[in-house]
Each structure stands twice: as structure tokens, then as C-alpha cells.
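Below, chain A is the first sequence line, B the second, and so on; all start at residue 1.
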Amino acid sequence: MSEKLRILFMGTPDFACVTLRALCESNAGVVGVVTQPDKPKGRGYTLMPPPVKVYAEERGLPVYQPTTLKAGTEDGDAFALTLRELNPDLIVVVAYGKILPGYVLDYPRLGCVNVHGSLLPAYRGAAPMQRAIIDGCSETGITTMLMAAGLDTGDMLRKRVVPIGENDNFEDIHDRMAEVGAVLLLETVEGLVAGTITPEPQDDALATYAAKIEREDCALDFSRPAGEVHNRIRGLSPIPLSSAAMPGGKRVKILASLVADDRTPHEVPGEILSLDSTGEGRVEIACAVGSIYALRLLPEGKGRMSAADFIRGRRVAVGDIWG
RNA sequence: CGCGGGGUAGAGCAGUUCGGUAGCUCGUCGGGCUCAUAACCCGGAGGUCGUGAGGUUCAAAUCCCACCCCCGCAA
């Protein structure tokens, strides 16, 4: 990579961390890291630093955590000053979590490059990977782009396809995409510096949006075809996980599933059709069309367990109705 | 001091309300039946009931106190 390029990195979760690491290990000139402020997380609301901050500190990089970037605010103006001091040639943004105001977008000589988890212009927005899996796509990918004012509307720089297997879950795709994203970003920066990339505008007419995952997205609806139920389960696993209500009102989350049958119609969606406690076990749940096997579950208030253990604990009987 | 569930045999659980023989579904080991089996039958091993030489009691998994650890929700 180039000699003295000054790069400012902006990102927050593990996904971003992978790219930051690649950048650092390529000896690029990362002059600073901007990430979200520490937030109270988990039981007891312990203040937790974002993964990117943890890594940046290990690396000895200066870390900035403004609460807002908006001009006119205390933090925003302080950041504007910081930006001038750091004087980056390029800003790399990966899952940062805040909108970048115009003065930031316009600052770097080479622009702001974003790593996005979809093949743009499809799945613009917050949860492209989860939505692609939930929609049953057989492939998705990473796009690097030159950031513009709109939501993921910038000109595209590089793209790489990542296949989605029938039973891949969010974690599988997330990890694979994070690696691809890191590699693609490095290539993008290299090309940008060398001037060998021609930015390609997105066709807005083809744009689709991947809305943030909300609570309602996590409720399983067995009155859908088995394939759709399965896609939702894996698209939301292992975080935040989809769930169903059991008789008695308690909920179960389903971590992993398989499509058992995809054509037989069922009168009572959500009915438990069969239980098998041999091996890892499986719980067969009727969908409107077809059925699925739940393989790993998480009862409310308990830990994650195999279907076999779930059955041994007498938590379910054939004929129960989930929903 | 965000809300809540839990710690009992290798696993998942019941038993705690109202103290009184340590139980269930599996796994495991041995034997049997069978052409055969993840099926069935018989038998065995395996538990400091999270910790505290705590408290109450004739007696504590169960009631009281303190502490440790795990998990779900919410963010």
C-alpha cells in the first residue's frame, strides 16, 4: 500500500474490527479511530467499550468517541477540530453507527470509503446481511463505495459476491463477510490511491432497503411456509434470535433448524408433530406448508441446549401448539 | 443499585408451597431378546443437593442468613 497515506477509521462492532485489523496489519497509516461512546450493556448495566475501541487501544491508536458529530454541538465542534488536526487523506467507515455530516464527508482528499454488507443498490441500510438471509437469497456480498449524503447511495468502487448456503446463519455470513470486507477494503484503498478504480453510480431504481431488525421481526410465524420460517430462524441466529410462545406463555428461542418437509399443508400451524431425542435430537414443528426441525433451542430463563436435552427436560409434547 | 429465572448423578429436569428413605427422561457399564436395531427386557455403577466444619431443628435439597457462579429480558 502507499507510503504515507493518513487514514482515519470509523467503526464500532466486531464486523468493523476485522477491517481495522487488516488495515493496521497492512501498515497503512491509521492516524486515529472514531467509535461510539461506551454504553451500558448486559446484566447490571456495566459500561462496555465497543470492540473497535478495545482493539484500537491494544494497538496504541488514538480513540475518539464523540456523542455526536453534528456541527454546532460541543462534541461535534470538538470533532471538527480533531479532524483538522488528524488531517486524514481518507476516511474508512465500517458499521460506525452514526450519520456523517457533510463537513466530514467533504474533508478527506480521497473521500470517505464505506464497506457495506450487500451488493448495492440492493439492501441499503442497517441490517443487510440478516435481511438477505431472511429473504432466502442464495448470495449476497460486500460493496465498497464512496460515501454520499444519502443512505448508502454513494458511487460503488468494488464488489464481491458471497454465497449463502441453505443452512448458513447470520453468524456464518457475518464472519465470512467481515473477512471479505477487510480484503475488499484493502484492494479498494489501493486502487483509489493508484487511480485505477472508476466509481460507478448506483441505479436508484433498483434500490431496496434492509430495515433494522426490530422486536416484531423476531416472532416466528408458523402460518408461513417452512422455508420462510427456517430462513427467519437462521437470519436471526445467534443474535438476536427468533422465538415462539409455548403453551403456558413461556417463550422458546430457536437457534438452529432444518426444513423437514416443504410441501405438506398443515391444518394447525405451530403444532408439534414429532419428537426425536436420539443423538442431538429434533422437534418437528408444523408450518402452514411443510414443517421444520428445531435442532437447538433456548427456553426462557435457561441456557441454550440441543433438541434432545430440551425433550428430556419434558418441556414439550407432541400435540403442543407453538406460536 | 434496571427486571427476572436458575445451581439436585455425565446431560436435561422433578422434588422446596406444608422439613422426614434421592426421583424422572436419557446417557453409561454388564447381561438378555432379535436376522437386526438408535427398538424392547433385566441388572449395576454414579449425587459433598453451588459455597459456608453458617443459623433454626430430633431431623434440612426443603426454612433463615451471607457469599460465589450461570442464564433469560431489557439496553
Side-chain angles (χ1 to χ4, degrees), chain A residues 11-17 34-54 63 65-69 75 95-99 125-127 129-131 169-171 174 210-221 232-258 260-261 270-285 291-323:
Chain A
T12 304
D14 286 317
F15 188 83
C17 221
V34 181
T35 190
Q36 297 278 1
D38 294 6
K39 281 183 183 164
K41 286 197 167 201
R43 278 178 286 271
Y45 277 134
T46 321
L47 213 54
M48 294 290 289
V52 160
K53 178 184 181 182
V54 175
V63 174
Q65 299 177 280
T67 56
T68 176
L69 301 179
D75 270 27
Y96 171 54
K98 286 190 194 307
I99 304 288
M129 295 183 272
Q130 293 94 321
R131 296 291 177 191
N169 67 14
F170 172 52
E171 183 174 41
H174 171 280
K212 185 181 165 191
I213 302 294
E214 301 288 352
R215 172 172 271 288
E216 309 82 77
D217 295 312
C218 299
L220 289 171
D221 179 2
R232 182 161 299 265
I233 289 169
R234 62 199 181 97
L236 299 178
S237 179
I239 295 171
L241 253 24
S242 51
S243 67
M246 292 189 288
K250 293 219 171 188
R251 298 194 71 85
V252 223
K253 295 192 168 188
I254 302 181
L255 287 95
S257 60
L258 287 175
D261 161 58
E271 182 178 9
I272 304 303
L273 297 176
S274 72
L275 300 175
D276 178 356
S277 62
T278 56
E280 289 297 292
R282 50 199 196 187
V283 174
E284 185 181 9
I285 308 167
S291 60
I292 62 159
Y293 289 132
L295 304 178
R296 288 190 66 75
L297 322 257
L298 189 157
E300 188 176 318
K302 285 296 189 174
R304 25 200 86 187
M305 62 183 73
S306 66
D309 282 342
F310 186 84
I311 294 164
R312 284 184 200 116
R314 305 277 182 86
R315 289 190 157 94
V316 61
V318 171
D320 282 359
I321 296 169
W322 288 7

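In terms of heavy-atom proximity, A:R131 sits nearest to A:A210 at CG-CB, 3.5 Å.
Using C1' as the reference atom, B:U8 and B:C49 are 4 Å apart when rounded to the nearest Å. Look at the P atom in both B:G72 and B:C67: the space between them is 24 Å, to the nearest Å. A gap of 22 Å separates the C1' atoms of B:G46 and B:C41, to the nearest Å. B:U48 and B:C64 have their P atoms separated by 25 Å, given to the nearest Å. Between the P atoms of B:G54 and B:G12, the separation comes to 30 Å (whole Å). Between B:G27 and B:U34, the distance separating the two C1' atoms is 23 Å to the nearest Å. Comparing the C1' positions of B:G47 and B:A61 gives a spacing of 11 Å, expressed to the nearest Å. When the C1' atom is used for both B:A14 and B:A9, the distance is 14 Å, rounded to whole Å.
Between the C1' atom of B:G72 and the CD1 atom of A:I239 lies a distance of 14 Å, rounded to the nearest Å. Rounded to whole Å, atom C1' of B:A14 lies 11 Å from atom CZ of A:R315. The CD atom of A:E300 sits 14 Å away from the P atom of B:C13 (whole-angstrom rounding). Between the CG atom of A:L47 and the C1' atom of B:A75 there is a distance of 12 Å, rounded to whole Å. Regarding A:F310, its CZ atom lies at a distance of 14 Å from the C1' atom of B:G72, rounded to whole Å. Following rounding to the nearest Å, A:K250 (NZ) and B:G5 (P) show an atom-to-atom distance of 9 Å. The interatomic distance linking A:M305 (CE) with B:C71 (P) rounds to 13 Å, in whole Å.
Taking side-chain N and O atoms only, A:R43 has a distance below 4.0 Å to OP1 or OP2 of B:C71. The phosphate of B:C13 has OP1 or OP2 within less than 4.0 Å of a side-chain N or O from A:K302.
In this structure, the nucleotide among B:A75, B:G6, B:U25 sitting nearest to the side chain of A:R312 is B:U25. Of the candidates B:A75, B:C24, B:G72, B:C24 carries the atom nearest the A:R314 side chain, counting heavy atoms from C-beta on.
Looking at heavy atoms from C-beta onward, A:I311 lies in side-chain contact with A:V283 at the 4.5 angstrom threshold. Side-chain contact between A:I254 and A:S243: absent, with no pair of heavy atoms (C-beta onward) separated by less than 4.5 Å. A:Q36 places none of its side-chain heavy atoms less than 4.5 Å from the side chain of A:K53. Side-chain contact check for A:E271 versus A:D320: every heavy-atom pair is 4.5 Å or farther apart.
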